[in-house]
Amino acid sequence: MSVRTKIFSIFLVLTAIAFVGQGLVMQFIVYPQFVHLEEDGARQDMERIWQGLNAEIKNLDILCHAWSSWDDSVAFVAGRKPDFVESNIPPEIVASATIDYLHFIDHRGRTKYYRALDPVTGRSLMVNGLDYDATQGSGLLFQAEDVAGGDSGRLVRSGFMYVDFVPEPLLIVARPILASTGQGEIGGTLIVGRFLNIDALQQQVGVDVTFMPVNGLGSGLNREMVQRLESGEPPPLIRHVGDAIVSYRLQDGLFGGALCLVVGQKSAEIIQHGRAVQRMVMNCSIVVSLLLLLVVFFVFSRIVTRPLLFLNGKTKEIIKSGNFLATIEVGGEGEIADLGRSINGLLQRIVSHEQLLFAANNKLLEQSLTDSLTGLANRRDFDAYLKKEWTRLLRSGLPLSIIMCDVDYFKKYNDAYGHQQGDVCLQSLAEALNHAVRRPPDLVARYGGEEFIIVLPETDTEGALHIAQKICTEVRGMKIEHIVSDVSPWVTISVGVATLIPYGQAKPDYLVKMADEALYLAKEHGRNRAEVART
């Protein structure tokens, strides 16, 4: 596949990805913002509905509070002013205040005055569902302790009720009948009510409003709304129904519990505009993306593709010829010209870099075989050297000896003098071991921690023991202070010596094991000494 084809394919794929990404952004970021705005509007509409309902209840409560905290009201329910209602709250006053329901109840739960009219037909109504309890002796809805020590102005019950043959809900406000001072016993209960004017409410909030009794809901959707709202989900609930957006909220009854489902509905104009904008943006994006693809591809081909093809061809010629000192003729300025000059510099430095790499590899190999603290051979170098000498001496039949050394009570030394001084001690011991072993084929290595090991090719047991004793003497002669040692006030070492003539069935590890056992004997026999392994 040519460079042009690849570039065109890449741009095509990127354009498709950008188009898909734009579609996803429109679908999942932009469009949801329209939905969010629409739902916010629906919530605000429901809030206005709620504020309208609360305003109606507040107006009712103003009248209820004024009439219930009247001394004459207390006298009326007590039977002392039988003409109170006719003289002070005549029907024309009740009608002018748009009160459809007026109910005075004494402290025994007996009706002292009752008036309820259908606002359309004007006929009398019977409001059922108020639970009277004359046995408590404190009137309807309110108890004596509600008033004692409290603010009588805040004693109010409000809610909704449904009355037979009237579709609109009845707004109810109830207050205890008390003296104007707010003190004394509850004389009874005053209940006032007004049928909700839904048409006026709709004109006020600009939304279609419906009130549906919870009992007997016929729509499965409405029942689902009630269940979700009753389960504690915060109101209002929002649903998209066709081209409309509907909000739901529950209204409690006078005695608590969900009474009716308040439904606000309006056309989802913002969402419709959002869909139109989404379609327009996507169509424009398709056209613009295709045009941009063609223009960018043409420009990119002229500015980038051709120079890159030239550089690629020249570079292949140089690699094929192997003449890395050759150069590519480049002119002008810009990133591609800089790339050509960089290739020239790279070709000229390949040979020198290969030489530097070879030297670095040798240095790295040397470092990998050397202990960083003491400068001796490390465990890896020891293993390789022991294996090599074992193989060599296996053919010649000459002996191979190993000396294993361990610093006596080195942990106590570290604890007493510190790890930094312990490192200095190990470095001094390494110098002493190197001084004691001078033959070129001999190898001194740090075996691990405070252990050292020496490989002595072509050395018998007597020669190896001589070197081991010489090492012990030199270490003692260094007089490195060790006040917490159990064998000497100076640093000492224990040494194990093992000698073996390599043979076919044995392994180099066996010789190391023999030296380790000899070192164990040296420690068992009091340390600061050399012991030879028992064969």
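Computation of the quantities below employed the complete heavy-atom set of this structure, encompassing side-chain atoms and omitting hydrogens, waters and symmetry-equivalent molecules. Being a predicted model, the structure only gives us computed values, none of them experimental.
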If I take atom [atom1] from residue [X] and atom [atom2] from residue [Y], how far apart are they, to the nearest 0.5 angstrom?
X: D371; Y: F452; atom1: CG; atom2: CZ; result: 8.0 Å
X: I493; Y: F410; atom1: CD1; atom2: CZ; result: 12.5 Å
X: T374; Y: L426; atom1: OG1; atom2: CG; result: 8.0 Å
X: I471; Y: C405; atom1: CD1; atom2: SG; result: 4.5 Å
X: E450; Y: L429; atom1: CD; atom2: CG; result: 10.5 Å
X: D516; Y: L511; atom1: CG; atom2: CG; result: 11.5 Å

[Y] side chain reached by [X] side chain, heavy atoms, under 4.5 Å:
X: L393; Y: S396; result: yes
X: L519; Y: S494; result: yes
X: Y385; Y: P441; result: yes
X: L443; Y: L386; result: no
X: K388; Y: T391; result: no
X: T370; Y: D381; result: no
X: R476; Y: N528; result: yes
X: W390; Y: L500; result: yes

Problem - Salt bridge flag under 4.0 Å for residues D442 and R438 - result: no
Practice task
Please determine if E451 and R379 form a salt bridge, counting it only when a charged side-chain N lies under 4.0 Å from a carboxylate O.
Solution key: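 No.
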Exercise for the section: Check the pair V532 / T461 against side chain to side chain contact (heavy atoms under 4.5 Å, CB included), numbers first and verdict last. Expected result: CA-CA 8 Å; V532 179; T461 301; 3.6 Å; yes
Heavy atoms only: give me the nearest [X]-[Y] pair and the separation to one decimal.
X: I467; Y: A436; value: CG2-O, 4.4 Å
X: Y413; Y: Q421; value: OH-CG, 3.6 Å
X: V491; Y: V475; value: O-CG1, 3.5 Å
X: C472; Y: V495; value: SG-CG2, 3.5 Å
X: L376; Y: R446; value: CB-N, 4.1 Å
X: I501; Y: G397; value: CG2-O, 3.5 Å

Practice task
Using only heavy-atom distances, determine whether the side chains of H36 and D40 contain a donor-acceptor pair under 3.5 Å.
Solution key: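 Yes, D40 and H36 have a side-chain donor paired with an acceptor closer than 3.5 Å.
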Problem - Polar side chain donor-acceptor pair, S401 to T459, under 3.5 angstrom - result: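 Not at all, the side chains of S401 and T459 share no donor-acceptor pair under 3.5 Å.
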[Y] backbone acceptor or donor facing [X] side chain under 3.5 Å:
X: R439; Y: P457; value: yes
X: Q427; Y: L373; value: yes
X: H435; Y: E474; value: no

Practice task
Name the orientation class of the two ring planes belonging to F211 and F160 (parallel below 30°, tilted from 30 to 60°, perpendicular beyond 60°).
Solution key: parallel
Handout entry: D509/K513 under salt bridge (charged side-chain N to carboxylate O under 4.0 Å, His left out): CA gap, chis, key distance, verdict
Key = CA-CA 6 Å; D509 292 344; K513 181 180 179 183; over 6 Å; no
Atom [atom1] of [X]: over 12 foreign heavy atoms under 6.0 Å:
X: Y417; atom1: OH; value: yes
X: E462; atom1: CD; value: no
X: K412; atom1: NZ; value: yes

Practice task
For V484 and Y409, run side chain to side chain contact (heavy atoms under 4.5 Å, CB included): C-alpha distance rounded to whole Å, both residues' side-chain angles, the deciding distance at 0.1 Å, then the answer.
Solution key: CA-CA 8 Å; V484 291; Y409 300 108; over 6 Å; no
